[in-house]
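Structure, as structure tokens:
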2 protein chains.
Amino acid sequence: MSSTDELTIDLEAALKALASDRRLQILDWLKDPAANFPPQEHGDPVEHGACNQYIVEKLGVSQPAGSRHLKVLVDADLAIATRRKGWVYYRRNEPAIDAVVRAMSQI
Amino acid sequence: MSSTDELTIDLEAALKALASDRRLQILDWLKDPAANFPPQEHGDPVEHGACNQYIVEKLGVSQPAGSRHLKVLVDADLAIATRRKGWVYYRRNEPAIDAVVRAMSQI
DNA sequence: TAGCCATATAACGTATTAGCTATATAGCTA
DNA sequence: TAGCTATATAGCTAATACGTTATATGGCTA
């Protein structure tokens, strides 16, 4: 594998996942979890992201609705979930997001 | 207006329009209409793009289905329609597409 | 003007998406 | 192990998307 290898992405699937104000908002918040969410007892915001609960609350939707948005992002490989001490933390998958941006530049 | 002005775009709307293999394919074909479609009697491929009919045929869907895909692209401002001698020609809206790509780079 | 051809719209069926409430699961914690 | 809390799934409704066929529109052309 050389440094020029790019992740293979499913552009249509990624765009479907991104074509939602709610999910764009989540990804934006996750650029800086420490600034956008309350302090967390467990799970470093920078390393692991923000917990499901905080994201749901900030979105202002029901817990299942928020949970599903996060699942869409994870399924599209745009976010990564980390389970830790009973909470699930979500963070951006930067390499995959970069790959989508690169693919977009050739559209 | 300075040269640094950017088009204001509705990113969610643009991504919804792009989140379709069929429409990504259309935009790709329209990068080079002369190479991707048969010769046209009227309407310069480079200037005006390809006519509805050729796009529909190449997509392999019914005429109304193709027509609606094109309408989605036009409504999202990603394509431009030109009516001429009874045909409608479609071409890419490069400035708008560029604006989407720029917006995406900040996602 | 009359007819014709390209394109758009209407109407309909099916699949997907997004919200909700209710419930199940997972896994700490005591 | 038992209970509790966080998260995920199930089941429902409403809205949206995409395909079809049938029909309407628009505007050349003769």
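Residue numbering restarts at 1 for every chain, and letters A, B, ... go by the order of the sequence lines.
Residue A/S62 places no side-chain N or O under 4.0 Å from the OP1 or OP2 atom of C/dG19.
Between A/D21 atom CG and C/dT17 atom P the separation is 17 Å, expressed in whole Å. D/dA6 atom C1' lies 13 Å from atom CD1 of A/I55, rounded to whole Å. Remark: P of D/dT7 and CG of A/L59 are 13 Å apart, rounded to the nearest angstrom. A straight line from CG of A/D75 to C1' of D/dT9 spans 13 Å, rounded to a whole angstrom. A straight line from CZ of A/R68 to C1' of D/dT9 spans 10 Å, rounded to a whole angstrom. Rounded to whole angstrom, the span from the CG atom of A/N52 across to the C1' atom of D/dT9 amounts to 13 Å. The CG atom of B/L70 sits 13 Å away from the C1' atom of C/dA6 (whole-angstrom rounding). Rounded to a whole Å, the OH atom of A/Y89 is 12 Å from the C1' atom of C/dC28.
A/A50 approaches A/I55 most closely through the heavy-atom pair O-CD1, 3.8 Å. What you find for A/I9 and A/A103 is that their closest heavy atoms are CD1-CB, 3.7 Å.
Comparing D/dA8, C/dT21, D/dT20 against the side chain of A/R83 picks out D/dA8 as the nearest. In the set C/dT7, C/dA10, C/dA18, C/dA18 carries the atom at the smallest distance from any side-chain atom of A/R23. Of the candidate nucleotides C/dA10, D/dC18, D/dA17, C/dA10 has the atom lying nearest to any side-chain atom of B/P64. The side chain of B/Y90 approaches C/dA8 more closely than any other nucleotide in the set D/dA17, C/dA22, C/dA8. Comparing C/dT9, C/dG19, D/dT20 against the side chain of B/S67 picks out C/dT9 as the nearest. Checked against D/dA6, D/dT9, D/dT20, the side chain of A/Q53 finds its nearest nucleotide in D/dA6. Relative to the side chain of A/A65, the nucleotides D/dA8, C/dT7, C/dG19 differ in distance, and C/dG19 lies closest. If you check D/dT7, C/dA18, C/dA10 against the side chain of A/C51, the one that comes closest is D/dT7. Side-chain atoms of A/H69 lie closest to C/dA18 of the nucleotides D/dT7, C/dT7, C/dA18. You'll find that the side chain of A/K85 is closest to C/dT29, out of C/dA6, C/dT29, C/dA8.
Mapped onto DNA chain C by nearest heavy atom, A/V72 and A/G86 fall at different nucleotides, with A/V72 at the one closer to the 5' end. If A/R22 and A/Q63 are placed on DNA chain C by their nearest nucleotide, the residue sitting closer to the 5' end is A/R22.
Proximity of B/L30 to B/R91: side-chain heavy atoms (C-beta onward) are nowhere separated by under 4.5 Å. Residues B/L18 and A/L15 have side chains in contact (heavy-atom distance under 4.5 Å, counting atoms from C-beta outward).
Below 30°, between 30° and 60°, or above 60°: for A/Y54 and A/F37 the angle between ring planes is below 30°, a parallel geometry.
The only member of A/D28, A/I26, A/D21 that meets side-chain contact (heavy atoms from CB on, under 4.5 Å) when paired with A/L24 is A/D21.
Checking D/dT21 for Watson-Crick or G-U wobble geometry (two distances, each under 3.5 Å) identifies C/dA10 as its partner.
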